Amino acid sequence: MTRTLTKQSFFARPATTVAPELLGWTLVHDTPEGKTSGIIVETEAYMGADDAASHAFRGPTPRTQVMFGPAGYAYIYFTYGMHYCINVVTGKAGGASAVLIRALEPVEGIELMHARRGIENLTQLTSGPGKLTQALALNKAQNGHDFLTPPLQLLPSTKPVKFEISPRIGIRHAADKPWRFYIKDSPYVSRRSAKN
DNA sequence: GTCAAGATTAGT
DNA sequence: CTAATCTTGACG
């Protein structure tokens, strides 16, 4: 087996396969204000039309359009009247599967992230899907952006990671599916997932 | 047009 | 446990 898995083919696999492998990767966002980045420590897989918990379950809508496109793009949505969440589209085009990035370990631009979040606590800076988008200044403007080019990128992991599996957080349907993955012992996983 | 629910978070 | 806050999508 000599073929290398390119970034593009990496994403074009089932969300349940990509989600755990994304742990340890780095999410970077460059803005005029400065660069912010973090290591992915928590993810969840959403399996499109076959997954009752997915936004794509009832077919394509204007909001979920990018999930039905090719893999490697950002699906960012607004919810609860105050939060954005970011996903990586995975699988083959039309499948509408995606991986929700739920928590990061802060790396670059920590001061900027503190300012954007208005808090001092480092472990709570990016420990949740709504928190990390605020810290990296992600919103609707980045919806549909491909992760292979600046200013929003996903950089491969440099070392293997030890992770655990659990049911997904905050969903009503398909709550039994073990499709949440997180780095064992990381103090940066989301609070609700941690144990609450 | 109307309405309920939501892949969340912070605070009591 | 609940309030905050508002977009989306289903219904008609």
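In the text below, chain A, chain B and the rest are named by the order of the sequence lines, each starting its count at 1. Small disclaimer: the values here were computed from a predicted structure and weren't measured.
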Co-members of the apolar cluster containing Ile39(A) [side chain, <4.5 Å]: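 When side chains under 4.5 Å apart are linked, the cluster holding Ile39(A) also contains Val107(A).
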What residue pairs, at least two apart or across chains, pass ring-ring contact (aromatic ring centres under 6.0 Å, His included) with a residue in residues 164-184 of chain A?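 Counting only pairs at least two positions apart or across chains, no ring-ring contact (aromatic ring centres under 6.0 Å, His included) contact touches residues 164-184 of chain A.
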By a strict heavy-atom criterion of less than 4.0 Å, which residues belonging to residues 11-27 of chain A are in contact with DNA chain C?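 Those residues: none at all.
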Could you tell me which residues satisfy salt bridge (charged side-chain N to carboxylate O under 4.0 Å, His left out) with Arg117(A), sequence neighbours excluded, listed by chain and number?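 Result, salt bridge (charged side-chain N to carboxylate O under 4.0 Å, His left out) vs Arg117(A): none returned.
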Run through Leu23(A), Val161(A), Leu104(A), Val41(A) and flag the one making a side chain to side chain contact (heavy atoms under 4.5 Å, CB included) with Ser186(A).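 Only match with Ser186(A) under side chain to side chain contact (heavy atoms under 4.5 Å, CB included): Val41(A).
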Check each of Leu122(A), Leu136(A), Thr123(A), Thr36(A) against Pro106(A) using the side chain to side chain contact (heavy atoms under 4.5 Å, CB included) test, and report the only one that passes.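 Going through the options one by one, the only one that passes is Leu122(A).
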Within residues 118-136 of chain A, which residues have any heavy atom lying less than 4.0 Å from an atom of DNA chain B?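 By residue number: Gly128(A), Pro129(A), Gly130(A), Lys131(A).
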Using a cut-off of 4.0 Å on non-hydrogen atoms, how would the nucleic acid contact of Ile171(A) be classed: base, sugar-phosphate, or nothing?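 Sugar-phosphate contact only - Ile171(A) comes under 4.0 Å of backbone atoms but never of a base.
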Give the cluster check for Ile169(A) versus Leu100(A): same hydrophobic cluster or not, with ILVMFWY residues linked at side-chain heavy-atom distances below 4.5 Å.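 No, no single cluster joins them.
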Could you pull out all donor-acceptor pairs under 3.5 Å where a side-chain atom in residues 73-81 of chain A meets a protein atom, sequence neighbours excluded?
residue, atom, partner, partner atom, Å
Tyr75(A), OH, His55(A), ND1, 2.7

Short side-chain donor-acceptor distance under 3.5 Å, Arg102(A) and Thr126(A):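 There is no such pair (donor and acceptor under 3.5 Å, judged by atom type) between the side chains of Thr126(A) and Arg102(A).
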Ionic contact status for Lys184(A) with Glu164(A), cut-off 4.0 Å: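 Yes, this pair counts.
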Can you check whether Gly130(A)'s main-chain N or O pairs, donor with acceptor, with Thr133(A)'s side chain at less than 3.5 Å?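 Answer holds: yes.
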P atom, dT2(C) versus dA5(B): distance in rounded Å?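 Going atom to atom, P in each nucleotide, I get 15 Å.
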Can you list everything that forms a salt bridge (charged side-chain N to carboxylate O under 4.0 Å, His left out) with Glu108(A)? Sequence neighbours excluded, please.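 By the salt bridge (charged side-chain N to carboxylate O under 4.0 Å, His left out) rule, Glu108(A) matches no residue at all.
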Suppose the criterion is ring-ring contact (aromatic ring centres under 6.0 Å, His included): which pairs have a residue in residues 10-45 of chain A, not counting sequence neighbours?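 Matches after skipping sequence neighbours: Phe10(A)-Trp25(A), Phe11(A)-Trp25(A).
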What does the B/S/- profile of nucleotides 3-12 of chain C look like, 5' to 3', with a 4.0 Å heavy-atom cutoff to protein? -BBBSSSS--
Connecting only ILVMFWY residues whose side-chain heavy atoms lie within less than 4.5 Å of each other, what is the rest of Leu155(A)'s hydrophobic cluster?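 Besides Leu155(A), the cluster holds Val28(A).
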Do Thr90(A) and Ser97(A) have a side chain donor and acceptor closer than 3.5 Å?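 Yes.
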Looking at Gly69(A) and Val89(A), what are the two nearest heavy atoms and their distance?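 Shortest heavy-atom separation between Gly69(A) and Val89(A) comes out as O-CG1, 3.9 Å.
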Note, DNA chain C 5' to 3' with Watson-Crick or G-U pairs under 3.5 Å encoded as ( ), [ ], | and . gives ||||.||||||.
Segment of DNA chain B, first to last nucleotide, that comes within the 4.0 Å heavy-atom reach of chain A: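 First-to-last contact on DNA chain B, by the 4.0 Å heavy-atom rule, is dG6(B) to dA10(B).
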